[in-house]
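What follows is one structure encoded as structure tokens, with my remarks underneath.
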Amino acid sequence: MKNSKQLLRVFVIFTLALILPLSTTLTTATAAVTQPEADTPLKKENLQKLSVKSVEKLDDGVKLDLGTNEAYIRVFADDLVKISVVKKGEKEYTSRGIAKTEWKTPKFSTKDSKDRLTLSTKELNVTIKKTPFGIKFTDKKGNVINEDYMGAGGTSGYEDGKPYVFKKTDKNEDFYGFGEQSGLEFNKRGKSIGHWNTDAYSYTKDTKYLYTSIPFFMGLKNEKAYGIFFDNTHRSYFEMASESDDYYYFYANGGKLTYYFMYGPEVSDVLDRYTEITGKMEMPAEWTLGLHQSKWGYTADEITDVAQTYRDKEIPLDTMHFDIDYMDEYRVFTWTQEYKDALKKLKSMPGFKAIAINDPAVKQDENYRIYQEGTKNDFWAKNADGTPFIGPVWPGDSAFPDFSKQEVRDWWAKNHDVLFDEGIDGIWNDMNEPAVFLDGGIYNHTMPLDNYFGYDDNKIIHTEYHNLYGHDEAEATYDAFKMHKPNERPFVLTRDMFSGTQRFAALWTGDNVSNWEHLQMSIPMNMNAGMSGISFVGNDIGGFASRPDAELFARWIQVGAFLPFARIHYDSDAKAAVKQGQEPWAFGPEVEKISKKYIEMRYQLLPYLYNAFQDSTETGKPVQQPLVYHFQEDPNTYDISDQYMFGDSMMLAPVINEGQTSREVYLPEGETWVDFNSKVEHKGGQTITVAAPLETMPIFVKKNSIIPTREVQQYTDQNELTNLTLDTYVTDKSEYTFYEDDAKSLDYQSGKFNETKFTVVNKKNEITFDQKVLKQNFKSDLTQYTLKLNNVNQPKKVQAANHKYKAVNTLEAVNATKRSYFYDTKTKTLYVSVPVEEKRTVKIK
Ligand code: MIG
């Protein structure tokens, strides 16, 4: 044993010696992407041939005797069933990704015949074919939503310990979801997808294993959607009609066969259910929706200088990030004095928040408190022989906390006072795959597969735990806020996720690259994250590895300003071939102006963005939405990878190709679309070409929308929100329910929020505006709504009951004059200032 440890040590040192110089001298373009060991294909000739021997009725479903195995089919809701196939006598399984385990079983009936057994709810029939065993889901009209594939020899079961399921594929069936995935296509039909959380520095469109594992997807056929969540934390594989057009299948390297089947038919219903099972995100603090700036390797002075430059140039910014440079030789939960001072200085400047990175690896150093405590308390992940696993990461040889243990999570949470006490507002969890700087052999950039977590009498082998490591670290970090900042909304940013991590953390998509392909890839990647319950997602703006040129940065900041999570972040200078900053002003005055314009737009749209997040907390709706989320009746939207909805009303069609100054845009059917820049209106159901010079990103607003906006601020809570502008595009009727709370505390959870519904109706010769208070439990500072009506004719009069509104000549005058209006003849825009207390209908004739 001693020998092997020594060997390991030699290996570690040797490998470190190899890796460290390489990573600092190689340019990013030539560095190979780390990937795990080779895939382990399913042996299709060895599939189990199961059949139902007998049926036992349960309160919430049925238990089937399959001979060597048993199946449980549990009805959790009219459109939700949990399927488990286990070895005889084994229990069903629920991973730590699951948020809800108690379901109120709805009424259902069972019909048992010789060949089949059918469970029926109000929305779904689940028919089980007995020989061979197979499951079919149909709607109440008898349409097949999804069914097991019988042609492979076995539909579901185990092959050499690998749980698998085969499903029939319809020729019209498309697939979305799977969390963070590489590739330029949004639609994942035809793809081989794998889940094994991997530190994939400088990945490409063809890299199979990225940082997260979200074994959930949605199938869409004949305009109807269903979802399947394979609740298995082992390395998993999804062959989505990649081998044959007739079937798809999924399997894992171990664990149990457990999946949840949910029926829409709306895409939005599926996502709502999936995020009910795995948890919805909580309301983010508003400051987290502002712009973030970050670089690996900012000196202490640079952090405050960059922040000050933002203010000097009047480019809005909320947050500076502290990368690993702030720690004392990369010891977690420590500081070097100069960065501590920089933080203090930053926090004394108006409106700045700070986020600190935190890595899981704890430096092996007998004189370091965290290492001492973890060692004394047996808190580390272990080698197969029971000794603590030690592997090199940034601090050198390190131990890895075993986050599967509650006591370790509590301890980890507790130590965050070291960061919070100095003024840190949010935590950024990196390297939590967990990444280890040992490649090849038994390592593949992480721990050996036979490492274990948990307790000696209840071991969780690394193969099972790997994909959950970051999830549990995120929970521990989330708990740190509960412990130290009990009435603040936590902000955890993580690189690693499993299904359900969205309830603790936001996701950034790791070490992307400053090239056009990555800008392109970021869009389908975020849309699929959104289709997997991860609404709070963003990519390093400008790209992390390597450096962008001016044009790429300009295009990237246009996209970046509308990311759910908007952070500019870039790699240390040591790894870049050229000296190039990635602050908005680093590319000269033209790009600075473009950056400022789009960042200001984000800040103007803050009420709209904040409300989109609020929506997500209730429905799981993405913030960056694929078109199919809204337009599933329009098959032209199914494969669109370069356009998306930002919230419910704005469609973005960014330019993502070098040298391009115009582009084609598909306008979904059934709507009228207003070009946000020119105000020209277009009918939906057609593709148009729009001009897009470098300073312009094409944006379209769906007609019959209201977009709440506000004044530009330098940071999100610079001013009280007193005047809300309702940017309105109305053909016949626009409605919007505006949510408002204190934007930072947890008081909203006890009902301290307001909801006001605005209705704008456009009749023949009259436009009316109504506001209706739905909920009022928060002390708002709002005094005025500025109703901004786009593309309307000049009114003769504006009146609410006996209040006559006064015509004024400028926008400033509208804002300064109670009950007034201004018509801009040039742009055909009408501004009406409506006091919040106006309870009568405002009539515009
Ligand atoms: O091994 O902390 O993805 O955002 O700047 C690299 C340094 C470690 C990887 C993260 C990146 C971060 C960097 N980290």
Side-chain angles (χ1 to χ4, degrees), residues 15-16 19-26 28 31-34 180 182 197-203 207 209-212 292-299 302-303 306 319-334 336 339 355-361 363 391-396 398 400 419 426-439 445-446 470 473-474 492-497 505-514 518 522 525 537-547 560 563 565-576 581-582:
T15 317
L16 250 186
I19 292 169
L20 288 181
L22 274 181
S23 62
T24 47
T25 53
L26 274 186
T28 55
V33 188
T34 304
E180 171 193 79
S182 66
N197 295 351
T198 300
D199 174 8
Y201 177 76
S202 184
Y203 56 95
T207 305
Y209 295 92
L210 299 187
Y211 307 86
T212 71
H292 303 240
Q293 176 72 50
S294 181
K295 177 195 180 181
W296 176 14
Y298 271 146
T299 63
E302 278 169 343
I303 290 180
V306 167
T319 304
M320 291 299 296
H321 286 234
F322 285 66
D323 206 322
I324 46 175
D325 321 289
Y326 76 86
M327 299 179 209
D328 173 18
E329 294 179 327
Y330 308 132
R331 288 176 186 84
V332 290
F333 302 118
T334 67
T336 52
Y339 282 92
I355 289 178
I357 202 169
N358 200 26
D359 289 353
K363 187 178 177 64
V393 208
W394 291 108
S398 303
F400 293 76
L419 304 173
I427 304 291
W428 163 20
N429 285 347
D430 189 20
M431 308 299 279
N432 45 359
E433 290 69 36
V436 182
F437 294 163
L438 292 171
D439 287 286
H445 214 70
T446 188
E473 189 200 19
V492 182
L493 178 66
T494 183
R495 193 166 77 171
D496 186 289
M497 277 196 170
L507 176 74
W508 103 98
T509 62
D511 297 340
N512 63 352
V513 187
S514 305
H518 262 273
S522 69
M525 184 178 277
V537 58
N539 329 88
D540 288 350
I541 298 170
F544 177 73
S546 185
R547 295 288 191 267
L563 285 170
F565 173 66
R567 179 182 71 162
I568 301 170
H569 177 51
Y570 62 112
D571 206 346
S572 76
D573 292 329
K575 286 199 263 169
Q582 278 178 222

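Start at 1 and go down the list; that is how both ligands and their atoms are numbered.
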Looking at Arg495 and Asp359, is any side-chain nitrogen of the basic one under 4.0 Å from a carboxylate oxygen of the acidic one? no

Looking at ligand 1, does any of its N/O atoms fall within less than 3.5 Å of an N/O of Asp511?
yes

So the atoms of ligand 1 within less than 4.0 Å of a heavy atom of His569 turn out to be 4 (O), 5 (O), 11 (C), 12 (C)

Using ring centroids (six-membered ring only for Trp), state whether Phe565 and His292 fall under 6.0 Å. yes

Quick note on ligand 1: atoms under 4.0 Å from a heavy atom of Asp430 include exactly 2 (O), 3 (O), 8 (C), 9 (C), 10 (C), 12 (C), 13 (C), 14 (N)

Quick look: Ile357 vs ligand 1, heavy-atom contacts under 4.0 Å, and the answer is side chain

* To do: Answer with yes or no whether Trp508 contacts ligand 1, where contact means a heavy atom under 4.0 Å from a ligand atom.
  => yes

Could you check whether any side-chain heavy atom of Thr509 comes within less than 4.5 Å of a side-chain heavy atom of Glu180, counting everything from C-beta outward? yes

### Task
Could you walk me through whether Tyr201 and Lys575 pass side chain to side chain contact (heavy atoms under 4.5 Å, CB included), step by step?
CA-CA 12 Å; Tyr201 177 76; Lys575 286 199 263 169; 3.6 Å; yes

* Asked: Between the side chain of Asp325 and the main-chain N/O of Gly297, is any donor-acceptor distance below 3.5 Å?
  -> yes

Does an N or O anywhere in Trp428 fall below 3.5 Å from an N or O of ligand 1?
no

Item to check | Asp323 N/O to ligand 1 N/O under 3.5 Å | outcome: yes

Look at the aromatic rings of Trp296 and Phe544 and report parallel, tilted or perpendicular, splitting at 30° and 60°. parallel

- Ser182 (side chain) donor-acceptor with Thr207 (main chain) under 3.5 angstrom: yes

If we number the atoms of ligand 1 from 1 as shown, the ones under 4.0 Å from a heavy atom of Met431 are 1 (O), 8 (C)

Practice prompt. May I ask you to check whether His569 and Trp428 place their ring centers less than 6.0 Å from one another?
Written response: yes

Checklist entry - Looking only at N/O atoms, are Asp540 and ligand 1 under 3.5 Å apart anywhere? => result no

Can you find a non-hydrogen atom of Tyr570 under 4.0 Å from ligand 1?
no

In terms of its nearest heavy atom to atom 6 (C) of ligand 1, the top option of Phe322, Trp394, Tyr201 is Trp394

